[in-house]
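These notes are about the structure you will find just below.
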Amino acid sequence: MKKYKIMSVFGTRPEAIKMAPLVKELGKYDDLESICCLTGQHREMLDSVMEIFKLQADFDLNIMEKRQTLSTITTKTLLGMERVMEQCKPDMILVHGDTSTTFAGALAAFYHQVPVGHVEAGLRTYDKYSPFPEEMNRTLVGDIADLHFSPTRANAENLRRESVAGEVFITGNTAIDAMGYTVKADRKFQDELLNRLDFEHHRIIAVTCHRRENYGKPMEDVMSAIAEVVRTHEDVEVVYPVHLSPVVRECAQKYLGGKERIHLIDPLDVEEMHNLLARCFMVMTDSGGLQEEAPALGKPVLVMRRETERPEAIAAGTAKLAGVTYEGVLAEANRLLDDSAAYQAMAKAVNPYGDGHACRRIAQAIRWHFGLTDERPADFLAE
């Protein structure tokens, strides 16, 4: 019996978190061979995820360099993938989301006429510069892909309006699957600062802020607002795992460094971050993934961006778009801290992003595509 080679290509920590449970799921089937190819777009953060999920890379392009640009990431991935494709000859390439690795991996597959499966397909803001470069990356991959695995019905409808080629499946988001591996009620943090936090009596806000489009005044305003929130609420503490970008680190240190009850720490691995989310009071972020993960744990999310490609969270009430102005971020944070009814409404809203079985649906869709099963997987539809 032929075993179909399914190669998962990823290179950043967010991709790895969401692809790791899928790589493991694909390895359960006798008719599939699950192959893992890392680009190394992120290095230390990527390696920690691989260790946590106990995964070994079959190929590692190791492209990361200091002060890398979008052009160097894309070209080095393309050249590296050319060698891998010739050696491995996969039957399908899986890419995730909207990074430069995602785009370059899909383009490499297209050049070799290998089918592409796009995990987390159909997210859109319809502003090609926001988020940048993610919006165009995922749109271009949508034009290349043969199988589109959309987390939600709205994502799938975006693709159908665009008349993309190939099959569209609604699977839920693999991020929810990943949390089944990582969140443990009795887990002790590796970071001693986190172990010392009083989650019972203090309201801990988990913060991330790193997007390129927020560089400059937007990021300065966001961080100034966070500082004011802490200053005016004596029981509030902030934990901010600061991105490795020098631009982000300089801004965080300038506006938040040395302030009482604000903890600027190094990036956390996925287990530490997920367990921080499980214990915190709320989340303030410009990240995409946290908009999906935190609601699964009953945590309100303030999205510090002008728009979001995840409108389902806004519609469901699990997230609120706070914008990037000082006044807007401050007002929304104060509302959740000062109005218990507003907080409870968000905390108890139903997460629209998945039920923890997205990877199984994706594996079944791939098997259906290759004629290994007659049963097309049923779509995930949030209640």
Check: For His369, what residues pass the ring-ring contact (aromatic ring centres under 6.0 Å, His included) criterion, not counting sequence neighbours?
Finding: none
Check: Out of Asp379, Val168, Asn173, Thr171, which residue meets the side-chain contact (heavy atoms from CB on, under 4.5 Å) rule with Ser150?
Finding: Val168
Check: Do any N or O atoms from the side chain of Lys5 and from the backbone of Lys89 form a donor-acceptor pair under 3.5 angstrom?
Finding: no
Notebook entry, point to check: Salt bridge or not for Glu33 and Lys2, using N-O below 4.0 Å?
Noted result: no
Margin query: Would you compute the distance between atom CG of Leu372 and atom OH of Tyr29 and round it to the nearest 0.5 angstrom?
Written below: 11.0 Å
Next item on the list: Would you check if Leu22 and Ile362 make a side-chain contact, meaning some heavy-atom pair closer than 4.5 Å?
Entry: yes
Note to self: Run the salt bridge (Lys or Arg N to Asp or Glu O under 4.0 Å) test against Arg231 and tell me which residues pass, sequence neighbours left out.
What the structure shows: Glu228
Check: With side chains defined as the heavy atoms from C-beta onward, is the minimum distance between Met282 and Ile204 less than 4.5 Å?
Finding: no
Notebook entry, point to check: Which residue pairs pass the salt bridge (Lys or Arg N to Asp or Glu O under 4.0 Å) test when at least one of the two sits in residues 312-336, sequence neighbours left out?
Noted result: Lys320-Glu332, Glu332-Arg335
Next item on the list: May I ask you to decide if Gln190's main-chain N or O and Glu272's side chain share a donor-acceptor pair within less than 3.5 Å?
Entry: yes
Note to self: Can you confirm whether the side chains of Thr373 and Gln364 place a donor and an acceptor under 3.5 Å from each other?
What the structure shows: no
Next item on the list: Taking ring-ring contact (aromatic ring centres under 6.0 Å, His included) as the test, write out the residues that go with Tyr215, two or more places apart.
Entry: none
Item checked: Thr125 side chain to Ser130 side chain, donor-acceptor N/O pair below 3.5 angstrom -> no
Next item on the list: Count the heavy atoms belonging to other residues, nucleotides or ligands that lie under 6.0 Å from CD of Glu260, then report whether that count exceeds 12.
Entry: no
Item checked: Contacts of type side chain to side chain contact (heavy atoms under 4.5 Å, CB included), residue Phe110, not counting sequence neighbours -> Leu107, Ile144
Check: Given side chains that start at C-beta, do those of Glu120 and His96 come closer than 4.5 Å, heavy atoms only?
Finding: yes
Next item on the list: Inspect the contact between Glu192 and Lys188 and indicate whether a charged nitrogen and a carboxylate oxygen are less than 4.0 angstrom apart.
Entry: no
Checklist line | Gap separating the CG atom of Leu336 from the CG atom of Leu302, nearest 0.5 angstrom | finding: 5.0 Å
Check: Do Lys3 and Asp31 meet the salt-bridge criterion of a basic N to acidic O distance under 4.0 Å?
Finding: no
Item checked: Contact check, side chains of Met81 and Cys37, non-hydrogen atoms, under 4.5 Å -> yes
Next item on the list: Could you give me the CA-CA distance, side-chain angles and deciding distance for Ser48 and Glu51, then say whether side chain to side chain donor-acceptor pair (under 3.5 Å) is met?
Entry: CA-CA 5 Å; Ser48 72; Glu51 184 177 338; over 6 Å; no
Checklist line | From Tyr4 atom OH to Ile366 atom CD1, the distance as rounded to the nearest 0.5 Å | finding: 13.0 Å
Next item on the list: Answer with yes or no after comparing the ring centroid distance for Phe169 and Phe380 against a 6.0 Å cut-off, counting only values under it.
Entry: no
Next item on the list: State which residues pass side-chain hydrogen bond (donor to acceptor under 3.5 Å, both in side chains) with Asp98; sequence neighbours excluded, sorted by chain then number.
Entry: Arg138
Next item on the list: Find out whether Thr102 and His118 are in side-chain contact, i.e. whether some heavy atom of one side chain is under 4.5 Å from a heavy atom of the other.
Entry: yes
Checklist line | Donor on one side chain, acceptor on other, Asn155 and His148, under 3.5 Å | finding: no
Notebook entry, point to check: Salt bridge check: are Arg360 and Glu25 linked by an N-O gap of less than 4.0 Å?
Noted result: no
Margin query: Applying ring-ring contact (aromatic ring centres under 6.0 Å, His included), can you list everything that pairs with Phe53, at least two apart in sequence or on another chain?
Written below: Tyr181
Notebook entry, point to check: Would you call Pro295 and Val301 a side-chain contact if the rule is heavy atoms closer than 4.5 Å?
Noted result: yes
Checklist line | With sequence neighbours excluded, residues passing salt bridge (Lys or Arg N to Asp or Glu O under 4.0 Å) with Arg249 | finding: Asp266
Note to self: Quick check: do Val9 and Thr39 have side-chain heavy atoms less than 4.5 Å from each other?
What the structure shows: yes
Margin query: Could you go through Tyr240 and Cys209, starting from their C-alpha distance and side-chain angles, then the distance that decides it, and tell me whether this counts as side chain to side chain contact (heavy atoms under 4.5 Å, CB included)?
Written below: CA-CA 8 Å; Tyr240 179 6; Cys209 185; 3.6 Å; yes
Margin query: Is it the case that atom NZ in Lys184 sees more than 12 heavy atoms from other parts of the structure closer than 6.0 Å?
Written below: yes
Next item on the list: Output every pair passing salt bridge (Lys or Arg N to Asp or Glu O under 4.0 Å) with a member in residues 344-356, not counting sequence neighbours, ordered by first then second residue.
Entry: Asp355-Arg361
Check: Sequence neighbours excluded, which residues qualify as side-chain hydrogen bond (donor to acceptor under 3.5 Å, both in side chains) partners of Thr69?
Finding: Thr72
Notebook entry, point to check: Among pairs that include at least one residue of residues 205-215, which meet salt bridge (Lys or Arg N to Asp or Glu O under 4.0 Å), considering only residues two or more places apart or in two chains?
Noted result: Glu134-Arg211
Next item on the list: Assess whether side chain to side chain donor-acceptor pair (under 3.5 Å) is satisfied between Thr285 and Gln291, documenting all intermediate values.
Entry: CA-CA 8 Å; Thr285 185; Gln291 296 175 50; over 6 Å; no
Item checked: Working for salt bridge (Lys or Arg N to Asp or Glu O under 4.0 Å), residues Arg310 and Glu292 -> CA-CA 8 Å; Arg310 291 168 171 85; Glu292 302 151 352; 2.5 Å; yes
Check: Below 4.0 angstrom, N of the basic side chain to O of the carboxylate: do Glu293 and Lys299 qualify?
Finding: no
Note to self: Just verifying a value: how many Å separate Gln68 CD and Ile63 CD1, rounded to the nearest 0.5 Å?
What the structure shows: 6.0 Å
Next item on the list: Take atom CZ of Phe199 as the centre, draw a 6.0 Å sphere, and report whether it contains more than 12 heavy atoms from other residues, nucleotides or ligands.
Entry: yes
Checklist line | Step-by-step side chain to side chain contact (heavy atoms under 4.5 Å, CB included) determination, Met19 to Leu94 | finding: CA-CA 9 Å; Met19 289 295 276; Leu94 299 180; 3.9 Å; yes
Margin query: Using a 6.0 Å cut-off, check whether atom CG of Asp374 has over 12 heavy atoms from anything other than its own residue.
Written below: no
Check: Going by heavy atoms in the side chains, are Pro115 and Leu147 under 4.5 Å from each other?
Finding: no
Item checked: Contacts of His243 that satisfy ring-ring contact (aromatic ring centres under 6.0 Å, His included) - sequence neighbours left out -> His210
Margin query: How about CG on Asp30, more than 12 heavy atoms from neighbouring residues, nucleotides or ligands closer than 6.0 Å, or not?
Written below: no
Check: Just how far is it from atom CE of Met92 to atom CG of Leu32, taken to the nearest 0.5 Å?
Finding: 10.0 Å
Check: Hey, mind stepping through Val229 and Ile205 against side chain to side chain contact (heavy atoms under 4.5 Å, CB included) and telling me if it holds?
Finding: CA-CA 10 Å; Val229 167; Ile205 301 177; 4.2 Å; yes
Note to self: Pair Glu237, His202 - check side chain to side chain donor-acceptor pair (under 3.5 Å), show working.
What the structure shows: CA-CA 7 Å; Glu237 292 188 59; His202 283 193; 2.6 Å; yes
Note to self: If I take atom CD from residue Glu271 and atom CD1 from residue Ile52, how far apart are they, to the nearest 0.5 angstrom?
What the structure shows: 4.5 Å
